[in-house]
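Report on the structure given below.
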Amino acid sequence: MFLFFIQNRPVSARFRTMSTVAKVGRLVRHGSAFAVDPRLRLRFARGGSSSGENGTFEVINPATGSVLAEVADMGSNEVHAAVEAAHTTFPHWAATPARERARLLMRWHDAVLAEKAYLAALMTAEQGKPLAEAAGEVLYGASFLSWFAEEARRIEGDVIEAGPSSQRSIVMKQPVGVCALVTPWNFPLAMITRKAGAALAAGCTVVIKPAEDTPLSAEALVALGDDIGIPEGVLNLVTCSRTTVDEVGTALVTHPLTRKVSFTGSTGVGKHLQQLASSSLKRTSMELGGNAPFIVFDDADIDSAVKGAMASKFRNSGQTCVCANRFFVHESVHDEFLDKFSAAIETLNVGDGSADGVTQGPLINGAALDKIDGLVAGAVASGAVVHLGGRRSDAGANFFEPTLLSGVTDSMVVAKDEIFGPVAAVLSFKDDAEVVERANNTPAGLAAYLYTTDLRRVWRISEALQFGMVGVNTGMISSEVAPFGGVKESGFGREGSKYGLSEYLDTKYIGIDIGQPR
């Protein structure tokens with residue numbers, strides 16, 4: 001039995017390979033920055049070693065460049081150990097009554113809420129989003145645990161009378177098995193609970209592989225799960241650096257005991273993982289990149305549209321898969337929208353997310369900053385007009401000024417690629433048919449938004465848009481009760497809602513001959 005310490009109290013930590021982490025823990029404020037408090041840290045002792053198969057790697061605060069922690073850099077051997085632990089535990093967890101699984105999920109939910117301030121500070125330090133947004137993500141993440149705790153007791157089958165009078169057909173739902181959950185850095189807590197909540201409710205065991213940039217939130221979240229009594233082998237976590245991610249990802253996805261892969265991330269990586277999983281026909285869920293259109297019609301409430309645009313575009317500094325990417329604005333309201341949007345963007349405050357009043361944090365790393373810089377430069381070279389921003393910020397190495405571009409055309413890369421940064425690209429249109437055709441002219445199909453006061457138009461446009469989710473007169477569409485997912489190259493499968501639970505369940509048919517009456 002290994003041993004965890006969280007908040008200076010010992011926690012029984014059942015086997016999981018995440019456990020080689022050291023120097024992760026509560027944060028204390030030093031001026032405008034956060035640092036790990038060595039007196040109150042999450043510490044793991046595994047035979048005196050705090051390194052993985054490949055040593056350790058550093059977790060960097062993207063706002064300051066400071067080192068937050070050194071985390072175990074694991075390899076394929078540790079992946080195999082984690083999958084085998086999950087496989088060993090699976091029959092026992094699958095046989096655990098649904099009410100008991102629900103009880104543990106609710107206890108996990110309560111533990112997350114009790115540590116909201118700590119988890120938010122930790123998230124801001126490793127990911128960069130403003131503290132208020134981080135606290136919001138903790139609440140959002142916890143909501144999936146409570147939702148799936150309730151759904152665990154609603155897994156139902158059917159009895160079908162069909163064929164001869166003596167035949168009965170029983171349909172039952174059973175957990176898939178060991179699930180590999182590969183999660184992104186932009187929502188380092190909620191993407192774990194959205195996947196793991198459903199998997200555990202269904203009776204599956206999991207191996208979580210968090211993003212290399214943000215393993216600390218995952219560490220703390222799994223430690224809390226251990227703390228409230230989730231059995232050993234149910235929650236397993238493997239961490240790795242950018243240099244070993246291919247080794248770890250391949251080992252996890254291709255392991256013969258892994259029966260399901262759920263991935264949130266870029267389309268390119270998703271396609272690669274899908275190819276790996278196809279060799280053994282594993283079940284997969286893919287929540288991939290987007291290129292969301294945000295359509296403002298001529299009858300829209302412009303003030304409401306601007307409010308929705310701000311929420312959709314600049315949350316998490318534009319680093320979300322459902323961010324508005326292309327703002328299609330009807331030519332009759334184009335200038336009014338542009339002026340009001342510009343005024344709203346000017347109110348944003350760029351800086352370290354831990355500082356008071358900051359509404360825009362850094363990009364996750366230097367590569368992300370270079371990409372945004374290149375997209376804006378390319379758009380300007382092709383004729384786009386910069387109304388605000390358009391350059392790197394003086395706030396720090398990974399900061400970019402909130403940017404507003406007009407005169408953008410469909411042929412520009414900024415309108416074709418997922419931006420994933422604080423850049424709003426505005427295009428104009430003339431009529432409904434035109435904007436639907438242009439909005440759909442993308443391989444992506446995750447989210448779309450439209451603003452109109454015409455109910456008939458709402459139905460026509462929503463049905464015509466080739467996207468998995470459509471927000472009407474709102475810029476916020478994510479909820480634990482709604483099915484989250486896309487179409488086309490944005491992936492398949494759904495997360496959240498009752499539909500998210502079915503992703504972790506197999507359907508089994510049992511045919512019975514009950515015989516003839518005597």
Side-chain angles (χ1 to χ4, degrees), residues 266-268 289-297 305-306 309-310 312-314 317-346 348 350 360 363 365-393 398-431 433-450 465-467 488-490:
S266 71
T267 300
N291 187 6
F294 188 106
I295 306 171
V296 182
F297 289 97
V306 167
M310 293 295 293
S312 176
K313 175 72 259 184
F314 292 103
S317 298
Q319 300 173 114
T320 84
C321 55
V322 293
C323 271
N325 214 62
R326 300 166 291 157
F327 288 87
F328 291 101
V329 184
H330 192 273
E331 59 185 8
S332 67
V333 295
H334 176 274
D335 291 349
E336 179 186 0
F337 176 84
L338 201 63
D339 289 343
K340 290 184 175 181
F341 197 18
S342 177
I345 295 171
E346 285 188 295
L348 296 173
V350 178
Q360 292 287 284
L363 297 179
N365 52 39
L369 186 75
D370 290 343
K371 174 190 173 183
I372 299 303
D373 207 6
L375 286 175
V376 172
V380 171
S382 299
V385 177
V386 178
H387 290 262
L388 288 173
R391 64 181 184 86
R392 297 171 186 247
S393 171
N398 291 329
F399 291 86
F400 199 87
E401 292 287 344
T403 297
L404 177 61
L405 303 175
S406 69
V408 176
T409 63
D410 296 344
S411 62
M412 295 180 185
V413 179
V414 76
K416 291 181 176 181
D417 289 0
E418 185 176 31
I419 297 172
F420 234 66
V423 177
V426 178
L427 308 86
S428 65
F429 72 93
K430 293 182 179 180
D431 58 55
E434 172 203 340
V435 75
V436 168
E437 181 180 2
R438 291 170 65 190
N440 287 337
N441 187 25
T442 173
L446 188 58
Y449 306 87
L450 64 97
L465 289 171
Q466 297 168 3
F467 296 84
K488 299 193 290 187
E489 291 193 16
S490 288

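In what follows, every heavy atom counts, from backbone to side chain, and hydrogens, waters and symmetry copies are set aside.
What you find for F467 and P293 is that their closest heavy atoms are CZ-CD, 3.5 Å. In terms of heavy-atom proximity, F420 sits nearest to K371 at CB-NZ, 4.3 Å. Residues I372 and L363 approach most closely at CG1-CD1, 3.8 Å, considering heavy atoms. Nearest heavy-atom pair across F314 and A424 is CZ-CB, 4.4 Å. The nearest pair of heavy atoms linking L446 to C321 is CD2-O, 3.4 Å. Here the closest heavy-atom approach between residue T403 and residue G390 is recorded as OG1-N, 2.7 Å.
Rounding to the nearest 0.5 Å gives a distance of 13.0 Å between OG of S332 and CZ of F337. To the nearest 0.5 angstrom, Q319 atom CD is 12.5 Å from I419 atom CD1. To the nearest 0.5 angstrom, I345 atom CD1 is 14.5 Å from K340 atom NZ. Taking NE2 from H334 and CZ from F429, the interatomic distance works out to 10.5 Å, rounded to the nearest 0.5 Å. The distance from atom OG of S317 to atom CZ of F400, rounded to the nearest 0.5 Å, is 12.0 Å.
The backbone N or O of G290 sits less than 3.5 Å from a side-chain atom of E418, completing a donor-acceptor pair. N291 places a side-chain N or O within donor-acceptor distance of the main-chain N or O of K416, the cut-off being under 3.5 Å. Of the possible donor and acceptor atoms, one in the side chain of T442 sits under 3.5 Å from a partner among the backbone N and O of A444. Side chain of S490 to main chain of G289: a donor-acceptor pair is present (N/O by atom type, distance under 3.5 Å, no hydrogens or angles). Although no hydrogens or angles enter the test, the distance criterion places a donor-acceptor pair under 3.5 Å between the side chain of H330 and the main chain of K430. The backbone N or O of A324 lies less than 3.5 Å from a partner atom in the side chain of K313, making a donor-acceptor pair.
Ring geometry for F327 against F294 counts as tilted: the plane angle lies between 30° and 60°, on a 0 to 90° scale.
Each of L375, V376, D373 was evaluated against V423; a single residue qualifies, V376, per the side-chain contact (heavy atoms from CB on, under 4.5 Å) test.
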Which donor-acceptor pairs under 3.5 Å do the side chains of residues 379-388 make with protein atoms, sequence neighbours left out?
{"residue": "S382", "atom": "OG", "partner": "G378", "partner atom": "O", "Å": "3.1"}
{"residue": "H387", "atom": "NE2", "partner": "S406", "partner atom": "OG", "Å": "2.6"}

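Counting non-hydrogen atoms of other residues, nucleotides and ligands closer than 6.0 Å to CD of E434 gives a total above 12.
The aromatic ring centres of F297 and F328 sit 6.0 Å or more apart.
Residues D410 and R326 have side chains not in contact (no heavy-atom distance under 4.5 Å, counting atoms from C-beta outward). Between N440 and L465 there is a side-chain heavy-atom pair separated by less than 4.5 Å.
E331 meets the side chain to side chain donor-acceptor pair (under 3.5 Å) test with no other residue; sequence neighbours excluded.
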